[in-house]
Amino acid sequence: MSANRENHGMTQTESDIALLLADAADEVEIGIAPVQAVMRGGRRRRARRWAVTGATALALAVGATAGTLAVTGLPGGGHGDRGGEVAVRPASPEERHVYTPESTDLALGSYQGKKWGVGVMVWGAPLTRAEAERQWKAMGDWGLEPADADKPAELIGKTSYFVARSYAGFRRQVVMFNTVREVEPLSGTDLDAAAARLGDDPASADRLVVGKVATTAAAVTCHWKDGTSTRVERVPADSPYYSGQSGLRPVRDYPGADWFVCVAPKGTAYESAEVTK
């Protein structure tokens with residue numbers, strides 16, 4: 001900051017005070033400016049490693065990690081030629097959902113007088129061996145096993161997700177799951193889906209369909225083996241899953257895709273699904 005040091009009608013004392021104030025302003029530094037956490041995206045990959053349970057399944061793979069940035073060296077901040085340098089301060093494990101997953105409910109219904117539901121659990125990426133070991137144990141307490149990982153250290157830097165169906169309030173079946181390092185967003189008419197039982201009996205096999213599509217998709221049509229079909233569309237962002245309105249929904253901490261759930265009519269099962277709008 002500079003100041004005009006000419007004295008226009010000031011007394012000597014007033015002029016001296018003005019100069020002192022100008023010199024003090026020159027010494028002001030810009031402090032730390034917190035920046036909102038950002039989601040790390042990944043590049044598209046054709047070769048996927050994935051794991052899906054259920055009789056009918058297609059690949060599904062998306063992961064993400066999140067961090068918090070702090071700008072510590074803005075130009076003029078007193079760091080010499082390192083002005084503009086950005087330091088990364090990782091969010092805490094709790095903020096990244098390393099030990100407790102971020103959960104999003106997708107759908108809720110009733111079958112044979114008992115409630116069923118579908119949800120997605122996203123576990124944030126551990127950054128250290130200690131975080132990975134604690135996450136491994138937490139997953140085990142939930143009865144979950146990450147994909148492509150035989151020991152805790154293999155979870156470092158990777159996000160894990162599990163898509164699960166619950167029935168009668170507690171009996172849970174994992175429909176899809178994976179552990180990935182890179183985000184792989186879907187685009188265009190890309191669609192990944194898997195079918196599972198709606199209840200516990202064999203007659204409900206492949207009647208529940210869960211899948212994900214690009215965030216630009218507006219509608220999905222599920223086709224059934226009896227020749228009929230069911231169309232689901234995007235629901236309002238504030239529409240609760242328990243409203244009974246089936247449709248496309250985003251999942252927290254799961255960028256690059258939105259999710260849908262279809263239920264086949266009694267007496268038939270899943271055939272295929274496609275983006276139709």
Worksheet entry | Candidate pair Val251 and Leu106, rule side-chain contact (heavy atoms from CB on, under 4.5 Å), full reasoning | CA-CA 8 Å; Val251 166; Leu106 296 179; 3.9 Å; yes
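- Applying the side-chain contact (heavy atoms from CB on, under 4.5 Å) rule to Ala132 yields the partners Pro126, Pro152, Leu155, Ile156; only residues at least two apart in sequence or on another chain are considered.
- Between Thr268 and Lys225, the closest heavy-atom pair is OG1-N, 3.3 Å.
- Among residues at least two apart or in separate chains, disulfide (SG to SG under 2.5 Å) pairs with a member in residues 248-277 are Cys222-Cys262.
- From Glu154, atom CD reaches atom CG of Asp148 across 8.5 Å, with rounding to the nearest 0.5 Å.
- To the nearest 0.5 Å, the span separating OG1 on Thr104 from CG on Asp253 amounts to 8.0 Å.
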Expected list for residues 194-202: side-chain donor-acceptor pairs under 3.5 angstrom, two or more places apart:
residue	atom	partner	partner atom	Å
Arg197	NH1	Asp200	O	2.7
Asp200	OD2	Arg171	NE	2.5
Asp200	OD2	Arg171	NH2	2.9
Asp201	OD1	Tyr111	OH	3.1
Asp201	OD1	Ser204	OG	3.2
Asp201	OD2	Tyr111	OH	2.9

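- Taking the side-chain contact (heavy atoms from CB on, under 4.5 Å) definition, one finds that Ser272 meets it with His223, sequence neighbours left out.
- In terms of heavy-atom proximity, Pro250 sits nearest to Asp258 at CA-OD1, 3.2 Å.
- In this structure, Arg207 contributes its side chain and Ala264 its backbone to a donor-acceptor pair below 3.5 Å.
- Side-chain contact check for Thr215 versus Leu248: every heavy-atom pair is 4.5 Å or farther apart.
- Contacts of Trp224 classified as side-chain hydrogen bond (donor to acceptor under 3.5 Å, both in side chains), with partners at least two apart in sequence or in another chain: Thr230.
- With a 4.5 Å cut-off on side-chain heavy atoms, Leu191 and Phe260 count as touching.
- Nearest heavy atoms, Ala125 versus Gly157: CB-C, 3.6 Å.
- Taking every heavy atom of both residues into account, Ser160 and Pro146 meet most closely at OG-CB, 4.2 Å.
- With Tyr161 as the fixed residue, the ring-ring contact (aromatic ring centres under 6.0 Å, His included) test singles out one of Trp123, Phe177, Tyr254: Tyr254.
- The salt bridge (Lys or Arg N to Asp or Glu O under 4.0 Å) analysis of residues 121-135, with sequence neighbours excluded, yields the pairs Arg96-Glu131.
- Hydrophobic cluster membership is shared by Val122 and Trp259, with clusters built from Ile, Leu, Val, Met, Phe, Trp and Tyr side chains linked at under 4.5 angstrom.
- Taking NZ of Lys212 as the start and CG of Asp190 as the end, the distance is 8.0 Å to the nearest 0.5 Å.
- When all heavy atoms of Leu186 and Ala214 are compared, the closest pair comes out as O-CB, 3.4 Å.
- Partners of Lys137 under the side-chain hydrogen bond (donor to acceptor under 3.5 Å, both in side chains) rule, at least two apart in sequence or in another chain, are Asp141.
- Residues Val232 and Val220 have side chains in contact (heavy-atom distance under 4.5 Å, counting atoms from C-beta outward).
- In the hydrophobic clustering of ILVMFWY residues, with side-chain heavy atoms under 4.5 Å counting as a link, Tyr270 and Val275 come out together.
- Not one N or O on the side chain of Thr159 forms a donor-acceptor pair closer than 3.5 Å with the backbone of Val180.
- Using a 4.5 Å heavy-atom cutoff, the side chains of Leu208 and Trp116 are in contact.
- At least one side-chain heavy atom of Leu144 sits under 4.5 Å from a side-chain heavy atom of Met121.
- Between Val235 and Arg249 there is a side-chain heavy-atom pair separated by less than 4.5 Å.
- Remark: aromatic rings of Phe162 and Trp142 are distant, center separation not under 6.0 Å.
- Note: Lys266 NZ to Asp226 CG = 13.5 Å, rounded to the nearest 0.5 Å.
- Every residue two or more places apart in sequence or in another chain was checked for a side-chain hydrogen bond (donor to acceptor under 3.5 Å, both in side chains) with Ser166, and none qualifies.
- With sequence neighbours left out, the side-chain contact (heavy atoms from CB on, under 4.5 Å) criterion links Glu145 to no other residue.
- Shown here are the side-chain contact (heavy atoms from CB on, under 4.5 Å) partners of Ala219, two or more places apart in sequence or in another chain: Arg231, Glu233, Thr276, Lys277.
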